[in-house]
Amino acid sequence: MLVVMQQGATDLQIQTVIDRLVSMGFTVHRSTGVLHTVLGGVGPVDEIDPVDFEVMDGVKECHRIVSPYKLASRHFKPQGTIVKIGNVEIGGPHVVTMAGPCSVESRDQIEKVAAIVAGQDAQIMRGGAFKPRSSPYSFQGMGEEGLKLMREAADHNRLLVVSEVMDHTQLPMISAYADILQIGARNMQNFNLLREAGKLRKPVLLKRGISATIEELLLAAEYIMSGGNYDVILCERGIRTFETYTRNTMDVSAIPVVKKLSHLPMVGDPSHGTGRRDQVLPMARAAVAAGADGLLVEVHPDPDHAVSDGAQTLTPPQFTEMMQQVRAIAAAVGRTA
Ligand code: PEP
Ligand code: MN
């Protein structure tokens with residue numbers, strides 16, 4: 001249920017609507033736009049008549065939202081969400097690049113990566129310290145030591161940090177080092193983790209599950225947002241299909257579909273999306289052309305010796321080339337990169 005207030009509605013009028021919704025058993029989420037304030041009510045929607053609200057002072061319109069996700073719906077924030085962290089804005093006109101290794105491996109490696117990332121004017125460094133690996137015998141990540149090294153390398157190069165959290169018990173520790181918490185494909189429906197991340201006031205990068213529909217992705221975002229954490233960034237990272245040439249099938253169409261259905265920023269991950277470094281550049285171009293607000297991409301000083309995901313990881317010269325191409329594509333669609 002959404003109540004859209006009139007332009008210039010007073011605080012008293014807004015509060016009166018909030019109080020009425022609360023008294024009827026709704027939880028109210030407020031989105032204050034430049035023109036309109038929108039009140040999202042989650043609760044017993046079947047029992048209300050929208051007209052009862054439409055006749056209240058200061059109310060422009062009232063709608064029952066039929067989609068199963070409400071706070072993630074474009075209706076809740078038609079102007080779109082910009083996630084702001086320091087001077088970095090995700091969801092605005094600038095296409096933001098988050099780049100770095102699949103895994104943090106050593107101080108030397110992560111310092112080199114940070115210099116490469118910053119050297120191309122990318123603003124965010126990625127790197128996993130806790131790794132979800134298909135095999136329990138594969139490298140599982142450096143843990144807290146890796147987070148420390150990544151934070152230091154990022155600070156030396158004025159970068160932000162995004163790193164993956166695998167379960168809710170890791171939230172306090174990873175939050176202490178990372179600016180953005182990544183929830184990976186395998187955890188997209190870890191509902192405990194989503195709910196706990198919703199209690200924080202820290203941006204979350206939520207990756208689409210390997211077999212998740214777009215609606216399931218938006219419902220996963222809704223779990224986080226219903227806790228009051230509205231800074232959710234979505235990510236298309238490829239889904240499992242019958243195709244075997246690529247590791248996953250990067251669903252580029254999910255980008256404009258999500259941008260239409262939701263106000264949340266959406267980035268593309270052509271590294272996991274293809275699994276092959278020779279396919280990362282074309283899919284990075286495609287993602288930006290399709291309207292992605294950013295890219296998440298793996299880069300390593302020596303990808304052939306990376307401890308994880310080397311085949312899909314760009315070399316530094318390939319990363320430079322990708323950034324040049326992405327800038328050209330961004331300009332063609334009226335953005336910067
Ligand atoms: C990653 O970003 O390194 C990762 C494990 O991604 P995903 O969850 O998409 O597999
Ligand atoms: Mn990886």
Side-chain angles (χ1 to χ4, degrees), residues 96-105 109-110 113 117 122 124-136 138-143 146-147 150 160-167 170 174 178-190 193-194 197 203-212 214 216-217 220-221 224 232-241 246-252 254-255 258 266-277 279-280 283-284 287 292 294-315 319:
V96 174
T97 300
M98 311 179 192
C102 181
S103 305
V104 183
E105 299 169 9
Q109 173 238 23
I110 202 70
V113 171
V117 171
I124 305 176
M125 178 158 68
R126 62 147 290 145
F130 295 92
K131 296 303 302 177
R133 305 304 302 280
S134 299
S135 162
S138 302
F139 175 67
Q140 304 285 308
M142 284 184 79
L147 291 170
M150 184 158 55
L160 297 179
V161 165
V162 55
S163 198
E164 177 160 1
V165 40
M166 291 204 346
D167 77 72
Q170 296 172 339
I174 300 181
D179 302 291
I180 305 175
L181 302 167
Q182 176 173 326
I183 296 184
R186 292 160 190 80
N187 265 317
M188 190 205 82
Q189 286 188 317
N190 179 340
L193 174 57
L194 299 174
V204 175
L205 175 71
L206 177 65
K207 300 187 87 175
R208 182 178 182 184
I210 289 168
S211 308
I214 291 170
E216 286 165 339
L217 172 64
I224 300 169
V232 179
I233 305 150
L234 303 171
C235 178
E236 166 59 39
R237 48 78 72 207
I239 49 174
R240 184 160 290 181
T241 67
T246 46
R247 178 181 178 185
N248 293 295
T249 296
M250 182 145 165
D251 181 8
V252 179
I255 296 167
V258 164
M266 174 78 159
V267 306
D269 172 354
S271 303
H272 295 85
T274 62
R276 305 176 49 114
R277 102 177 53 120
Q279 300 302 327
V280 170
M283 294 312 278
L295 292 171
L296 181 72
V297 63
E298 289 180 338
V299 58
H300 189 291
D302 181 11
D304 290 334
H305 294 98
V307 297
S308 57
D309 284 353
Q312 68 192 32
T313 298
L314 297 180
T315 62
F319 178 60

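Values below: all heavy atoms of this structure, side chains included; hydrogens, waters and symmetry mates excluded. Just follow the structure's listing: the first ligand is 1, and inside any ligand the first atom is 1.
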message = Would you say that more than 12 heavy atoms from the other residues, nucleotides or ligands in this model lie under 6.0 Å from the CZ of R240, or not?
response = no
Shortest non-hydrogen separation from M166 to N187 and the atoms involved = O-ND2, 2.9 Å
ask   = Closest non-hydrogen protein atom to atom 4 (C) of ligand 1, residue and atom name please, with distance?
value = H272 NE2, 3.4 Å
request  = Give yes or no for whether the N/O distance cutoff of 3.5 Å, strictly under, is met between E164 and ligand 1.
outcome  = no
request  = Look at the side chain of E236 and the backbone N and O of D251, then say whether any donor-acceptor pair between them is shorter than 3.5 Å.
outcome  = yes
N/O separation below 3.5 Å, C102 to ligand 1 = no
Atom indices of ligand 1, in the order listed, that fall short of 4.0 Å to a heavy atom of A185 = 7 (P), 8 (O), 9 (O)
inquiry  = Below 3.5 Å, N or O to N or O, backbone or side chain included: is there any such pair between D269 and ligand 1?
reply    = no
request  = Just give me the atom name: the N, O or S atom of H272 closest to the Mn ion (ligand 2).
outcome  = NE2
R208 side chain vs A185 backbone, donor-acceptor pair below 3.5 Å = no
key: Pairing of D304 and R277 as salt bridge, 4.0 angstrom limit   = yes
ask   = When Q312 is tested against each of Q279, E298, R276 for side chain to side chain donor-acceptor pair (under 3.5 Å), which residue passes?
value = E298
query = Backbone N or O of S271 within a donor-acceptor pair of the D269 side chain at under 3.5 Å?
reply = yes
request  = Please report which non-hydrogen protein atom sits nearest to atom 2 (O) of ligand 1, along with the residue it belongs to and the distance in Å to one decimal place.
outcome  = R126 NH1, 2.8 Å
key: Residue, atom name and distance, where the atom is the protein heavy atom closest to atom 6 (O) of ligand 1   = K207 NZ, 2.9 Å
inquiry  = Only heavy atoms of G184, strictly under 4.0 Å: list the atoms of ligand 1 that pass.
reply    = 8 (O)
query = Which N/O/S atom belongs to E298 and is the closest one to the Mn ion (ligand 2)?
reply = OE2
task = Tell me yes or no: between the side chains of H272 and D309, is some donor less than 3.5 Å from an acceptor?
result = yes
Shortest non-hydrogen contact between F319 and L314, atoms and distance = CA-CD1, 4.0 Å
message = Below 4.0 Å from ligand 1: does a non-hydrogen atom of Q182 turn up there or not?
response = yes
request  = For the atoms OD2 of D309 and SG of C102, give the angle they form at the Mn ion (ligand 2), rounded to 10 degrees.
outcome  = 90°
query = For ligand 1, which atoms have a heavy atom of E298 less than 4.0 angstrom away?
reply = 3 (O)
ask   = Going by the atom numbers of ligand 1, which of them fall below 4.0 Å from some non-hydrogen atom of R186?
value = 7 (P), 8 (O), 10 (O)
Atom indices of ligand 1 within 4.0 angstrom of R237 heavy atoms, with elements = 7 (P), 9 (O), 10 (O)
query = Is S163 reaching over with its side chain to a backbone N or O of G127, donor-acceptor style, under 3.5 angstrom?
reply = yes
